[in-house]
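These notes are about the structure you will find just below.
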Amino acid sequence: MKNDDIFSRPGPVRGIIAIRNLKNGRIYLTTTEDAVRDFQKERFSLDLGMHKSGELQNEYSSLGLELFTIELDKEAGKDEDLNALLDERKAFYTSLGVRLYP
């Protein structure tokens, strides 16, 4: 999904955010009620060295911004259970052999 699409929408976009390490393929997944706001929040916490995933933070700090992407992995409907969707996406990536950040 193109992130540009969500920046032009009038309201918040719900779903699952993925932060991808382009060097080793690892992915961090988290839920969002407002993807645009949370893109900024995730980036800000990484830039400050304060992300809640220590492993992601360590790799981000050592590799740098240019080797990571932040994107909307899966959009959710208005009434969709985000935690169930997160579990589904984690299971999907795990089945493909992708390592996830805790």
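Between Tyr28 and the options Leu100, Ile70, Leu56, Ile17, a side-chain contact (heavy atoms from CB on, under 4.5 Å) holds for only Leu56. When each of Val36, Asp5, Ile6 is paired with Val13, the side-chain contact (heavy atoms from CB on, under 4.5 Å) condition holds for Ile6 and for no other.
The side-chain hydrogen bond (donor to acceptor under 3.5 Å, both in side chains) check on Ser61 picks up Gln57, with sequence neighbours excluded. Shown here are the salt bridge (Lys or Arg N to Asp or Glu O under 4.0 Å) partners of Asp34, two or more places apart in sequence or in another chain: there are none. Remark: Asp87 engages no residue in a side chain to side chain contact (heavy atoms under 4.5 Å, CB included) (not counting sequence neighbours). Asn58 pairs by the side chain to side chain contact (heavy atoms under 4.5 Å, CB included) definition with nothing, not counting sequence neighbours. Judged as a salt bridge (Lys or Arg N to Asp or Glu O under 4.0 Å), and not counting sequence neighbours, Arg37 has no contacts. Among residues two or more places apart in sequence or in another chain, the side chain to side chain contact (heavy atoms under 4.5 Å, CB included) test is passed with Glu88 by Leu85. Listed by chain and residue number, Arg14 satisfy the salt bridge (Lys or Arg N to Asp or Glu O under 4.0 Å) test with Glu33 (two or more places apart in sequence, or in another chain). Partners of Phe68 by ring pair (Phe, Tyr, Trp, His ring centres under 6.0 Å), not counting sequence neighbours, listed by chain and number: Tyr60. With sequence neighbours excluded, the residues that form a salt bridge (Lys or Arg N to Asp or Glu O under 4.0 Å) with Arg20 are Glu71, Asp73. Residues passing the side chain to side chain contact (heavy atoms under 4.5 Å, CB included) test with Asn24, sequence neighbours excluded: Asn21, Arg26, Glu59, Tyr101.
Using a cut-off of 4.0 Å between Lys/Arg side-chain N and Asp/Glu carboxylate O, Lys23 and Glu66 are scored as not salt-bridged.
Proximity of Leu86 to Leu29: side-chain heavy atoms (C-beta onward) are separated by under 4.5 Å at one or more points. A 4.5 Å side-chain heavy-atom check between Thr32 and Glu42 finds every atom pair outside the cut-off.
The minimum heavy-atom distance linking Leu82 with Ala76 is given by the pair CD2-CB, 3.5 Å. Here the closest heavy-atom approach between residue Pro102 and residue Ser53 is recorded as O-OG, 3.1 Å. The shortest heavy-atom contact between Ile27 and Ala18 is CG2-CB, 3.9 Å.
Here Leu22 is tied to no hydrophobic group at all, with no ILVMFWY side chain closer than 4.5 Å. Through chains of ILVMFWY side-chain contacts below 4.5 Å, Met50 is grouped with Phe44, Leu48.
Atoms OG1 and CD1, from Thr30 and Ile16 in turn, are 7.5 Å apart once rounded to the nearest 0.5 Å. One finds the CD atom of Glu55 at 7.5 Å from the CZ atom of Arg99 (value rounded to the nearest 0.5 Å).
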